[in-house]
Amino acid sequence: MKKCILSLLMLMASMSYSQGSELVINDAWIRAMPPSSRVVPIYLNIDNPTARERKLIGIEAEAGSIEIHQTIERDGMMYMKPVDEIVIAANDQVRLAPSGFHGMMSHFTQGVPEQGEKILLTLIFDNGAKQSTEAKVIKETLVKEVKITHVMAQ
Amino acid sequence: MRIFHSILHGIFHYMVQKNSVMKNIVQQKKRQKLVTLALARVRFAGLLTCCIVLIPIQGMSAENMPILKGIGGPFSLQSTQGRQVSLSDFNDKVVMMFFGYTNCADVCPTTMAHISQLMERLTPEVRQQVQVLFISIDSDFDTPKHLNKYLSYFDPNFIGLVDTRSKIDHVAALYQADYTKLANERVTTEYKKLSMDNKEKEKKQRGYLYSHSAKIFVLDGKARVRGFFYTGTSIEDMKQKIESLL
């Protein structure tokens with residue numbers, strides 16, 4: 001009986017754990033850039049299907065160091081700024097996409113990521129949770145599904 | 001006799017059309033109908049008449065790319081060609097010009113990728129009449145050599161321009177392409193001087209970011225600014241506009 005309760009408790013614990021890291025990260029990609037580059041951009045989607053707000057506070061990778069930046073388009077100018085966190089509201093999603101939020105990777109440990117490579121990223125959230133995802137390195141001409149939504153046409 | 005009548009008819013419509021163009025700019029749609037009508041009537045009236053009527057039609061398709069006054073002008077800068085390049089070197093070509101820098105992670109590569117996608121969609125004949133210029137606003141870091149490695153990755157025909165800060169500032173002012181640097185000025189920016197030692201030092205410092213114009217400047221064969229494209233401008237729209245300027 002004790003065993004049964006224990007395993008039930010463990011089951012509940014594991015369920016709540018999996019519900020604790022319930023953010024869904026997908027479509028991570030890195031733009032293939034010239035081998036002489038010092039920076040490359042990282043893009044991905046984060047879904048937050050929970051009732052609680054979450055904040056992305058960092059992205060880490062063995063392959064290099066990553067800062068989170070935001071591009072803001074105003075009056076025909078593109079303003080760049082580093083951001084400390086990206087808020088993902090409850091039941092909402094955030095896109096890190098061209099001309100918007102993005103990760104900027106630099107100081108590469110194994111050179112500039114090459115087309116076709118997969119780079120492991122670890123996303124760090126404000127509650128201490130860490131989630132990993134694999135980013136594909138691609139030239140945008142091959143990324144048909146990527147739509148640029150943050151920049152308005154003239 | 002019948003042919004002669006048709007020619008007269010065509011010329012008459014053309015004259016009416018020409019007058020209405022001059023008098024009333026607002027009735028553009030009506031005019032387009034008239035031109036179509038005139039064109040239909042002169043269809044059998046001979047090549048000469050056809051040519052006369054076609055002139056205003058061609059003029060119209062470029063109407064949404066008006067000549068912009070008070071912006072632009074000639075310049076000469078050091079280039080990835082290993083020599084000074086002047087805007088006048090590209091007379092009779094449509095020039096697409098962008099102000100950016102190679103250490104830009106997001107906007108610049110997005111823009112370059114967008115333009116190279118457009119170039120792939122153009123016919124080889126049209127492509128030969130289009131020149132892409134990338135003007136680096138980061139004269140502290142970018143060299144013609146570095147710029148060449150960067151641009152040839154997107155398209156080997158793109159030409160990069162970089163020169164002294166004052167020359168770049170002059171061109172940026174001509175095109176009203178403002179830029180500002182958000183930076184930790186201690187960052188080592190000389191590409192040429194990068195060594196293992198300061199690479200280590202550099203690791204501890206934050207990089208720098210430029211805010212800059214989002215515009216892809218579109219210049220016609222006479223180096224006049226005719227409009228702007230953005231990364232959000234569809235490839236099809238860009239293609240049509242470029243073809244209308246040739």
Side-chain angles (χ1 to χ4, degrees), chain A residues 29-43 64-84 96-109 112-115 138-144 146-154, chain B residues 64 99-114 116-117 120 141 145-154 176-182 189 191 194 199-200 202-216 218 227-234 237-238 241:
Chain A
W29 67 285
I30 291 175
R31 187 188 296 284
M33 293 276 281
S36 56
S37 297
R38 287 208 315 176
V39 295
V40 299
I42 296 169
Y43 304 112
S65 60
I66 301 164
E67 290 177 22
I68 303 171
H69 290 168
Q70 188 180 14
T71 304
I72 302 160
E73 197 263 337
R74 203 186 315 130
D75 302 326
M77 282 280 284
M78 288 299 200
Y79 295 91
M80 311 294 155
K81 64 168 195 177
V83 291
D84 294 328
L96 276 68
S99 306
F101 285 121
H102 57 276
M104 183 180 92
M105 180 151 78
S106 59
H107 305 107
F108 310 109
T109 54
V112 177
E114 280 178 47
Q115 187 176 332
I138 32 183
K139 270 200 163 188
E140 199 188 30
T141 43
L142 307 174
V143 191
K144 297 287 181 232
V146 172
K147 283 182 192 146
I148 296 155
T149 51
H150 289 78
V151 183
M152 295 297 291
Q154 50 181 334
Chain B
N64 40 12
F99 292 84
Y101 64 112
T102 65
N103 283 334
C104 161
D106 182 38
V107 178
C108 308
T110 301
T111 307
M112 286 302 108
H114 194 57
S116 59
Q117 272 177 303
E120 280 167 26
F141 180 86
K145 198 178 158 193
H146 184 56
L147 210 49
N148 194 37
K149 280 186 194 164
Y150 176 81
L151 289 174
S152 55
Y153 189 77
F154 295 99
Q176 297 161 23
D178 298 341
Y179 69 90
T180 51
K181 192 176 185 179
L182 270 181
T189 50
Y191 180 69
L194 274 184
K199 254 187 188 166
E200 270 310 302
E202 194 188 27
K203 251 182 190 173
K204 292 169 191 144
Q205 299 167 329
R206 286 178 78 96
Y208 57 94
L209 296 168
Y210 278 96
S211 291
H212 55 95
S213 173
K215 290 168 180 161
I216 300 165
V218 186
F228 315 106
F229 295 153
Y230 300 87
T231 48
T233 313
S234 75
D237 191 13
M238 291 163 85
K241 284 180 171 160

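Residue numbers begin at 1 in each chain, while the letters A, B, ... track the order of the sequences. Computed over heavy atoms, backbone and side chain alike; hydrogens, waters and symmetry mates excluded.
- Between B/Ser211 and A/Met80, the shortest heavy-atom contact is OG-N, 3.2 Å.
- Using a 4.5 Å cut-off between heavy atoms, A/Met33 touches chain B through backbone and side chain atoms alike.
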Given side-chain contact (heavy atoms from CB on, under 4.5 Å), test B/Leu209 with A/His69 step by step and report yes or no. CA-CA 10 Å; B/Leu209 296 168; A/His69 290 168; 3.6 Å; yes
Output, in order, the C-alpha distance, side-chain angles, deciding distance and verdict of side-chain contact (heavy atoms from CB on, under 4.5 Å) for A/Met78 and B/Tyr179. CA-CA 9 Å; A/Met78 288 299 200; B/Tyr179 69 90; over 6 Å; no
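- In terms of heavy-atom pairs under 4.5 angstrom with chain A, the leader among B/Ser213, B/Cys104, B/Pro109 is B/Pro109.
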From CA spacing to verdict: side-chain contact (heavy atoms from CB on, under 4.5 Å), A/Arg31, B/Thr110: CA-CA 9 Å; A/Arg31 187 188 296 284; B/Thr110 301; 3.1 Å; yes
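- Nearest heavy-atom pair, A/Ala97 versus B/Asp106, reported as atom, atom and distance to 0.1 Å: O-OD1, 4.4 Å.
- Between A/Ser36 and B/Tyr150, the shortest heavy-atom distance links the atoms OG-N, 4.2 Å.
- Between atom OH of residue B/Tyr230 and atom OG of residue A/Ser99 there is a gap of 12.5 Å, rounded to the nearest 0.5 Å.
- Looking at residues two or more places apart in sequence or on another chain, you find a ring-ring contact (aromatic ring centres under 6.0 Å, His included) between B/Phe99 and B/Phe217.
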Under the criterion side-chain contact (heavy atoms from CB on, under 4.5 Å), I'd like the reasoning laid out for B/His212 against A/Tyr79: C-alpha separation, chi angles, the key distance, then a yes or no. CA-CA 7 Å; B/His212 55 95; A/Tyr79 295 91; over 6 Å; no
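- Of all the heavy atoms in A/Pro41 and B/Ala105, the pair that sits closest is CG-O, 3.0 Å.
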